[in-house]
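Okay, so here's the structure we're looking at.
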Amino acid sequence: MIEMQNVQKTYPNGVKAINGINVKINQGEFVYIVGPSGAGKSTFIKMMYREEKPTTGQILVNGINLAKLKNSKVPIFRRNLGVVFQDFKLLPKLTVYENVAFALEVIEEHPEKIKTRVMEVLDLVKLKHKVRSLPDELSGGEQQRISIARSIVNNPKVVIADEPTGNLDPETSWEIMDIFEEINKRGTTVLMATHNREIVNTIRKRVIAIENGKIVRDEVRGEYGYEG
Ligand code: ADP
């Protein structure tokens, strides 16, 4: 479960990016975060994976209070979390296999188990045949599928995605959404910031709209709802 209580975030330059947010997200939910540029979506998402700390308030993710979590404990916290970025962030010199296996090697998982699990998640994203490729030998959509495989290799309870289809063409974006839906069906919470109106209005899920650092709308099967 994820919970924010009276969360505010002011950056060192004085910009108040989040201005009093209270929200609860249950295990297994699929939530879109929408809102105009500069609304605070990225800040909201970054606080969830402890890339940014709130200035005031509490953030609980899987029972851990992120406002109090020491920097040294962040890597352990992130093992229960998958993060997917707009620009993929794959390691360019590592193969697909190595990129996906990395998170399991860090925790010294048994090599046979690593192999089985990596092939399992590559199968889920339908890219087993690219296991020996380097990221720059793949299309944008394929790179994003690999980064999703990497995000779930640890079996996290929550996957957080910041504009995961932002760099992709419409057809590829739908393929990426199929994968997120499949991950969610298996019980993982999915939290996704997006500007993709068509996706939000077609694959109907909970929509949290943020404007000026506040939640202005929270609907169970919501719509995108902006002209921009
Ligand atoms: P969104 O993702 O909705 O576009 P952001 O969370 O990126 O919104 O930004 C919210 C506000 O915080 C904006 O005014 C932005 O300029 C500001 N901001 C974002 N990151 C920083 C930062 N690291 N330092 C200072 N201001 C920031």
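In listed order, ligands and their atoms are each counted from 1. Predicted, not measured: the structure shown is a model, and the values here were computed from it.
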Pocket residues of ligand 1, ordered first by chain and then by residue number (heavy-atom cut-off under 4.0 Å) = Tyr11, Asn13, Val15, Ala17, Pro36, Ser37, Gly38, Ala39, Gly40, Lys41, Ser42, Thr43
Do [X] side-chain atoms and [Y] backbone N/O form a donor-acceptor pair below 3.5 Å?
X: Ser173; Y: Asp169; value: yes
X: Arg206; Y: Arg221; value: no
X: Arg204; Y: Gly222; value: yes

Using side-chain contact (heavy atoms from CB on, under 4.5 Å) as the criterion, list what pairs up with Val74, not counting sequence neighbours.
-> Arg50, Leu69, Arg78
Go through the structure and list residues passing salt bridge (Lys or Arg N to Asp or Glu O under 4.0 Å) with Glu163, not counting sequence neighbours.
-> none
ring-ring contact (aromatic ring centres under 6.0 Å, His included) contacts in which one or both residues fall within residues 24-79, not counting sequence neighbours = Phe30-Tyr32
